[in-house]
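Scroll down for the structure; my scribbles are underneath it.
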Amino acid sequence: MKSAWSDRGAAELVERYAADGIGEDLALRVYTTRLLGSEPRLVMHGGGNTSVKGRARDVTGADLDVLYVKGSGWDMGTIEPPGLPAVQLDPLLALAEIDALSDEDMVNLQRRNLLDSKAPNPSVETLLHAWVPRTFIDHTHANAALVLTDQPHGEEICREVYGDRAAIVPYIMPGFDLAKAAKAAADAHPEAEGLVLLKHGLFTFGDTAHEAYELMIEFVSLAEARIEGGRRSVFAAASMPGAVASASEIAPAVRGMLANRRSIEGGGPEFERFILEHRASPAILAYVGGSELSRYSQVGTVTPDHAIRTKPLPVVLSAPPAGDLAVWAGEARAAVDAYRKAYAAYFERHNPRYGGTKRMLDPSPRVVLVPGVGLFASGRDARAAAAAADLAETSVDVITDAESMDRFESISEAELFDIEYWSLEQAKLAGAKEKALARHVVVVTGGAGAIGRATAAAFRTAGAEVALFDLPGPALDAAGEAGAGLAVPCDVTDDASVDRAFSIVAARFGGVDILVSNAGAAWRGPMADVTDDVLRESFELNFFAHQRVTRAAVRMMRAQRTGGCLLFNVSKQAVNPGPDFGPYGLPKAATLGLVRQYAIEHGWEGIRSNGVNADRIRSGVLTDEMIASRSEARGVSEDAYLRGNLLGREVRAEDVARAFVSLALARATTGAILTVDGGNVAAALR
């Protein structure tokens with residue numbers, strides 16, 4: 001591993017922070033913390049921490065010895081000075097004299113001694129940083145170090161690699177007891193430049209930020225050299241079907257298998273869904289394609305805190321043959337059900353050690369290994385799924401290297417339970433609240449237009465993951481770059497284009513729960529004069545495209561087996577036609593029938609179908625030219641035309657978007673049309 005230290009970069013950050021009154025030591029602590037956090041082979045998703053001891057002044061003007069230590073929730077790769085809150089050092093040092101301390105009391109004492117009461121909780125390893133008598137301390141979960149320690153003879157290998165330069169600490173769960181053990185090891189080896197925490201990670205020390213950082217890079221490089229020196233071939237390939245199904249083909253079925261069925265008030269089933277992330281690098285494919293996958297994948301996590309995001313074990317499915325997946329899907333569902341039962345048994349085995357006080361987490365796996373396809377990771381949103389996938393990919397790398405040397409070995413099942421059901425983590429879960437449409441995937445057609453963008457924003461505000469379908473071009477690119485959602489080029493009048501677009505969504509998120517079929521355009525002209533070509537063109541976009549995307553969405557929803565919601569932009573022309581708008585209103589009337597037909601035919605599967613009847617939306621179907629033309633025909637201003645309703649209020653794209661969201665949340669409503677036009681009695685259905 002190469003050092004990323006730059007004298008110029010360090011000096012620039014020191015100069016920048018000096019203007020804010022931040023001293024050189026803390027500025028350099030921020031600098032090297034970022035270097036560590038930006039290297040995924042060292043630090044990933046909260047794994048690791050840093051500190052520096054120094055002086056700070058409290059509100060009375062008194063100078064205090066403090067420990068600046070990484071705070072909970074801060075990303076080491078982008079950390080700022082507030083991410084290293086100052087804790088009074090003397091009270092922390094005094095704790096070294098007592099024999100026991102609960103996690104809750106430890107956290108409480110650390111918070112009581114913060115100089116800023118609004119600062120984040122200091123790291124759970126704060127006491128370890130405080131008790132090791134060095135100025136700068138770095139801690140990582142370096143992949144190479146884990147490869148050495150996650151072996152039957154890990155301690156022996158580490159002593160061979162590091163000699164007296166590092167003290168060895170046996171595995172102990174993070175907290176007070178680990179801090180005591182680390183202090184004892186450091187005190188017994190005052191010449192040591194670092195600590196190796198077996199099955200956990202590395203610490204390095206220095207009198208300067210540069211020294212501690214370079215030692216970390218050196219220690220990791222020594223581990224990497226040892227791995228290369230003892231490597232042998234691994235993972236003999238298992239037999240595979242002649243052709244294997246793609247990730248996008250199986251993702252909806254996998255996503256549906258992972259969803260947890262639950263009862264909700266009012267009766268009827270509902271589902272706790274997950275967002276998926278798929279990975280399939282050559283290393284992952286070799287790993288999941290190994291003949292002994294069921295052995296080495298079922299040992300445990302490569303470092304304890306992974307269990308919080310990935311659970312202790314993944315589920316292993318068989319390779320899916322291309323073509324008819326019905327038999328494979330049945331076997332896969334059985335494997336996931338068996339995983340849930342095994343997880344419940346694991347919980348029952350270990351909960352008695354805590355007096356039966358723990359609350360079982362949901363039993364669904366977070367990582368799914370599929371030979372020939374790769375791995376899927378799941379989370380409550382795309383960010384959580386990506387984090388779980390990153391950790392799963394790290395596990396692949398570490399286990400691969402460990403197996404190349406000898407045999408991968410994790411901590412015990414009981415120790416994994418202790419981490420997964422850590423009281424500090426349980427407290428976080430108890431306080432966590434999700435938005436109304438969290439865990440849902442939404443597809444919005446016509447996503448680059450005003451209503452499409454507003455709808456995407458409304459669903460994202462409600463917690464959903466959103467994919468925008470529209471013709472390729474600057475408008476779609478801009479919507480994606482603005483964060484409205486995943487921009488997917490799609491011509492909704494073309495079967496192949498629609499299939500490709502839904503495949504992209506399946507590969508990215510795992511499936512779809514809500515379709516907003518919004519794409520449309522207004523063709524005009526008296527029916528006696530309109531050509532067949534114009535009428536067919538309008539029907540293609542304003543009716544057949546709705547059917548085309550809905551058919552594709554329903555296929556995916558049926559594979560998931562978790563219901564779904566179909567939403568259509570119908571338009572008032574379907575029920576209150578206006579002169580010269582027959583080419584637009586007729587296909588919209590057919591689409592109104594389509595809404596109800598899907599409600600009738602798929603309600604038994606939990607798939608709801610509803611529509612929005614909107615009118616006179618600026619930058620919607622009505623172009624500026626059409627608004628000007630119609631306002632002129634009525635002898636009123638454009639604004640007066642747009643406000644020509646019972647409320648005398650202009651209806652905006654955001655109003656239509658809110659209507660779509662409300663229908664998505666109306667779990668007992670199907671076959672309904674919601675009018676959004678400011679009041680037009682002639683267009684009201686009921």
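To the nearest 0.5 Å, the span separating CE on Met173 from CG on Leu416 amounts to 11.0 Å. Taking OG of Ser609 as the start and OH of Tyr598 as the end, the distance is 8.5 Å to the nearest 0.5 Å. If you take CE on Met405 and OG1 on Thr400, they are separated by 13.5 Å, rounding to the nearest 0.5 Å. Tyr287 contributes atom OH, which lies 6.5 Å from atom CG of Leu293 (distance to the nearest 0.5 angstrom). Distance CG/Leu148 to CG/Leu146: 9.0 Å, rounded to 0.5 Å. Residue Ser395 holds its OG atom at 5.5 Å from NE2 of His306, rounded to the nearest 0.5 Å.
Side-chain rings of His200 and His139 approach one another, their centers coming within less than 6.0 Å.
Using a 4.5 Å cut-off on side-chain heavy atoms (C-beta onward), Leu128 and Leu178 make contact. Thr445 has its side chain out of reach of Val516: every pair of non-hydrogen atoms, C-beta onward, lies at least 4.5 Å apart. Leu276 places a side-chain heavy atom less than 4.5 Å from the side chain of Leu258. Looking at Arg558 and His602, their side chains come closer than 4.5 Å, going by heavy atoms from C-beta outward. Residues Leu424 and Val124 meet the side-chain proximity criterion, which asks for heavy atoms closer than 4.5 Å. With contacts defined as side-chain heavy-atom distances shorter than 4.5 Å, the pair Ile275/Arg380 does not qualify. The shortest distance between side-chain heavy atoms of Glu249 and Pro320 does not fall below 4.5 Å. Here the side chains of Trp328 and Leu317 are in contact, with some heavy-atom distance below 4.5 Å.
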Please determine whether side chain to side chain contact (heavy atoms under 4.5 Å, CB included) holds for the pair Asp305 and His141, giving the CA-CA distance in whole Å, both sets of side-chain angles, and the decisive distance to 0.1 Å.
CA-CA 10 Å; Asp305 69 318; His141 296 167; 3.4 Å; yes
Decide side chain to side chain contact (heavy atoms under 4.5 Å, CB included) for Val442 and Val444; before the verdict, give the C-alpha distance in whole Å, the side-chain angles of both, and the deciding distance to 0.1 Å.
CA-CA 6 Å; Val442 181; Val444 181; 4.0 Å; yes
Are Cys158 and Thr149 close enough, and set up right, to give a side chain to side chain contact (heavy atoms under 4.5 Å, CB included), and what steps lead you there?
CA-CA 7 Å; Cys158 289; Thr149 68; 3.7 Å; yes
Determine whether Val443 and Phe502 satisfy the following criterion, side chain to side chain contact (heavy atoms under 4.5 Å, CB included), listing intermediate values before the conclusion.
CA-CA 9 Å; Val443 165; Phe502 274 97; 4.2 Å; yes
Applying salt bridge (Lys or Arg N to Asp or Glu O under 4.0 Å), run through Arg226 and Glu160 and close with a yes or a no.
CA-CA 9 Å; Arg226 177 64 178 82; Glu160 169 200 328; 3.0 Å; yes
Take Lys199 and Asp150 through the salt bridge (Lys or Arg N to Asp or Glu O under 4.0 Å) test and state the conclusion after the steps.
CA-CA 5 Å; Lys199 307 283 196 290; Asp150 290 357; 5.1 Å; no
Could you go through Phe219 and Tyr162, starting from their C-alpha distance and side-chain angles, then the distance that decides it, and tell me whether this counts as ring pair (Phe, Tyr, Trp, His ring centres under 6.0 Å)?
CA-CA 8 Å; Phe219 274 31; Tyr162 297 115; 4.9 Å; yes
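When all heavy atoms are compared, the tightest approach of Val169 to Ala185 is CG2-CB, 3.8 Å. Looking at every heavy atom in both residues, Ile419 comes nearest to Ala307 through CG2-CB, 4.3 Å. In this structure, Trp74 and Lys70 approach most closely via the heavy-atom pair O-CE, 3.1 Å. Summarising the geometry of Gly480 relative to Ala487, their closest heavy-atom pair is CA-CB, 4.0 Å, with the distance given to 0.1 Å. The minimum heavy-atom distance linking Asp397 with Ala283 is given by the pair OD1-CB, 4.4 Å. For the residue pair Pro241 and Ala319, the shortest heavy atom distance occurs at CD-CB, 3.6 Å.
Under a cutoff of 6.0 Å and an axis angle of 45°, Lys311 and Tyr343 form a cation-pi pair.
A donor atom on one side chain and an acceptor atom on the other are not found under 3.5 Å apart for Tyr346 and Asn351. Side-chain contact, Asn121 with Ser72: no donor N or O sits under 3.5 Å from an acceptor N or O. Side-chain atoms of Ser221 and Glu218 include no donor-acceptor pair closer than 3.5 Å. In the model, His153 has no side-chain atom that pairs as donor or acceptor with a side-chain atom of Asp406 under 3.5 Å. Neither side chain, Thr78 nor Arg34, offers a donor N or O lying under 3.5 Å from an acceptor on the other. Between the side chains of Thr50 and Asp138, no donor-acceptor pair of N or O atoms lies under 3.5 Å.
Salt-bridge check for Arg279 with Asp390: passed, with a basic side-chain N closer than 4.0 Å to an acidic carboxylate O. Taking 4.0 Å as the cut-off between side-chain N and carboxylate O, Arg349 and Glu413 count as a salt-bridged pair. Look at Arg383 and Glu465 and you find no salt bridge, because none of the NZ, NE, NH1 or NH2 atoms lies under 4.0 Å from a carboxylate O. Look at Arg340 and Asp362 and you find no salt bridge, because none of the NZ, NE, NH1 or NH2 atoms lies under 4.0 Å from a carboxylate O. We find that Glu403 and Arg407 are not joined by a salt bridge, their nearest charged nitrogen and carboxylate oxygen being 4.0 Å or further apart. The pair Asp381-Arg439 does not count as a salt bridge, with every side-chain nitrogen at least 4.0 angstrom from each carboxylate oxygen. The residues Glu277 and Arg508 are annotated as salt-bridged, a charged nitrogen and a carboxylate oxygen being separated by less than 4.0 angstrom.
Taking a 6.0 Å sphere around CZ of Arg333, one finds it holds more than 12 heavy atoms contributed by other residues, nucleotides or ligands.
Partner of Gln560 under the side chain to side chain donor-acceptor pair (under 3.5 Å) criterion, out of Arg255, Arg273, Arg555: Arg255 alone.
Under the 30°/60° scheme for interplanar angles, the aromatic rings of Phe235 and Tyr296 are found to be tilted.
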